[in-house]
Amino acid sequence: MANGKINVAVENIFPLIKKFLYSDHEIFLRELISNATDAISKLKHLSSVGEVKGEIGDPRIEVKIDKKNKKIHIIDQGVGMTTEEVNKYINEVAFSGAEEFLEKYKDNTQDSGIIGHFGLGFYSAFMVAEKVEIITQSHQNTPTAHWTCDGSPEYTLEEAEKRERGTEIILHIAKDSKEFLEEARIRELLNKYNKFMPFPIKFGTKEETLPLPDDAKEDAKPDTKTVDNIINITDPAWTKTPSDLKEDDYKSFYRELYPMQFEEPLFNIHLNVDYPFNLTGILYFPKIQNDLNLQKDKIQLYQNQVFVTDNVEGIVPEFLTLLRGVIDSPDIPLNVSRSYLQADGAVKKISNYITRKVADKLSSLFKKDRKGFEEKWNDIKVVIEYGMLTEDKFYEKADKFMLYPNTDGEYLTYGELEAAIKDTHTDKDGKLVFLYASNVEEQHQYIETAKDKGYKVLLLDSPIIAHLIQKLEGDKDKVAFTRVDGDAVENLIKKDEATVSKMSNEEKESLKPLIEAVVPGEKYTIQLEAMDSNGLPFVLTQPEFMRRMKEMQNTGGGMMGAFPEMFTLLVNTNHELVEQILQTKTAKKRERLIRQSLDLAKLSQNLLKGEELTAFLKRSVDLIK
Ligand code: ADP
Ligand code: MG
């Protein structure tokens, strides 16, 4: 038996470790199972090069809880360690690594930017255990070694009774970590961190129902058999070659990842690269909900099939955090802060690669199956728009497949749209004007008016569209986007020669002050227009710029400061009612007509509410009595 003193500067390691890693105690199990996995990988490797002779079988890992004696056992059938190796890897390396860790983080453990993965390794056992034992049998036929340490720098290392090849780690769980003696808690951890690890992990047993024999009686009960409960899937879909997988394999893997998710993904992207960095994974496009924040943080990050985090911020571009799936890369440095991560060259390359793959996939879907792409458009557009706004590389590619749906149910690309409207949709400054609606119900009347005049009206209704429109106007040559209820529409509609004014200039001059006397000037700019006599007497429009800035503010970004509510009140000089306003002799009737017309205009914009609405209803009843 040997006694030794671990070469660590601090007197008692484990209270320190506990303190430093307070929130993350649960990772001890992941670290120990990772070591067990490494030990099996090493054994397989040694066997394949002939250094380990004979059959190695199908090595596995077992996790056992001994609640009565307050112990957890982690047992593997890997390479094991000789006494010398325990000395070298546990007493010297592992602990010096821990010491280094303490040195490195003692000043900045409060930095919340540090990702909860430190690669602390074996040493993390002391976060939950007051005493740790290692019983290990090397694949070389040396004596079995038994190491014990209670977290103080003292350890014992002695020879133990001969065992099978492999390592058993015994954790004597500390009083304040009793939660880890609960089966449910351990199962939760195994499911979170180890669900897709490469070697079978046994945790307890389960009952399996045996099939009934063919000649069984009708009321026969099937037999059950107790079998090992293996908690993991050792060959998850992302580790396979794309050509070996069918559509159904991707779908069933999605269900493994999100058992509570009932909706099927729209399509997937298999990531697979080994140079200049190593990365595999599968990304899924889900149907995008309107609440973008609820949607985020569903991608899981793994390293060599070990779960690390589901916060991939800084690793994948912001707009792709709306997707789901798995990314597995050992090349992402994780023991650094997020801001460092974003500046890291390797991470930048990874992020660019993912962006390119997503753009290429969308592009090929668009080319191969345009109809299918159009059908999915409403569920994927937000990701595409978001990407175009935030990633220039993506913007360049997406410009070819970004679709602009219109109220006739067509989906056109920018190029197609431009060609379709370039002869008819130009304003007096020679700009190409894209008319759009954001809500078919609310803007119905405006849409109809524009369509009657022969204009195409786009249907752009995603929450961030104002930002994208702003960008497109900046990028494309001489184009403007105008919502159908915006004031610039008049520039287009005016071009329509058919609408000539029925009112003379003198009449117009006397009409304007009559309306101004009733309608508050600080909120409405009054403008007389000869419009369709079948339309409304008054029409409200809002300057496109103001409205858009406001929308951009609501969805983040845009200009700061409050924008006043400003409207243009178009008075339709061709309308019978407006004629009446001008001709009527009684001031009271005129005021009533003006108020009613204004309220109708508001009503059509969904702006009539509360007290005003009540007054309008009362007035309407009076008018028809
Ligand atoms: P790392 O895994 O990063 O090398 P650890 O602190 O987790 O660091 O482990 C230190 C070393 O101890 C390992 O590299 C390995 O040589 C040895 N070791 C730990 N656990 C086992 C095990 N279950 N079987 C064999 N060797 C092990
Ligand atoms: Mg390790």
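We count ligands from 1, going down the list as the structure has it; atoms in each ligand are counted the same way.
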Any heavy-atom pair between the side chains of Glu62 and Ile201 that's under 4.5 Å? no

Taking the side chain as C-beta and beyond, is there a heavy-atom pair between Arg356 and Lys397 under 4.5 Å? yes

Answer with yes or no whether Glu85 contacts ligand 1, where contact means a heavy atom under 4.0 Å from a ligand atom. no

Does ligand 1 have an atom that lies less than 4.0 angstrom from a heavy atom of Glu31? no

Heteroatom count (protein N, O or S) under 2.8 Å of the Mg ion (ligand 2): 1

I'd like to check which ligand 1 atoms, numbered from 1 as shown, lie under 4.0 Å from a non-hydrogen atom of [X].
| X | answer |
| --- | --- |
| Lys42 | 15 (C), 16 (O) |
| Gly121 | 5 (P), 6 (O), 7 (O) |
| Ala39 | 24 (N), 25 (C) |
| Ile90 | 12 (O) |

Taking atom 22 (C) of ligand 1 as the point of reference, which of Ile33, Ile75, Asp76 owns the nearest heavy atom? Asp76

Answer yes if the ring centres of Phe180 and Phe28 are under 6.0 angstrom apart, and no otherwise. yes

Would you please indicate if the ring centroids of Trp238 and Tyr284 are separated by under 6.0 Å? no

N/O separation below 3.5 Å, Phe122 to ligand 1: yes

Looking at Tyr386, I'd like to know if the NZ or CZ of Lys381 sits under 6.0 Å from its six-membered ring centre while staying within 45 degrees of the ring's axis. no

Hey, does the Lys NZ or Arg CZ of Arg324 hover above the aromatic six-ring of Tyr258, less than 6.0 Å from the centre and inside 45° of the axis? yes

Using the salt bridge (charged side-chain N to carboxylate O under 4.0 Å, His left out) rule, collect all pairs that involve residues 183-201, keeping only residues at least two apart or in two chains. Glu26-Arg185, Glu26-Lys192, Glu179-Arg185, Glu183-Arg187, Arg185-Glu188

Side-chain donor or acceptor of Asp249 paired with backbone N/O of Ala237 under 3.5 Å: no

Ignoring hydrogens and angles, tell me if any N or O in the side chain of Asn229 forms a donor-acceptor pair with the backbone of Gly204 under 3.5 Å. no

Going by atom types alone, do Trp147 and Asn87 pair a side-chain donor with an acceptor below 3.5 Å? no

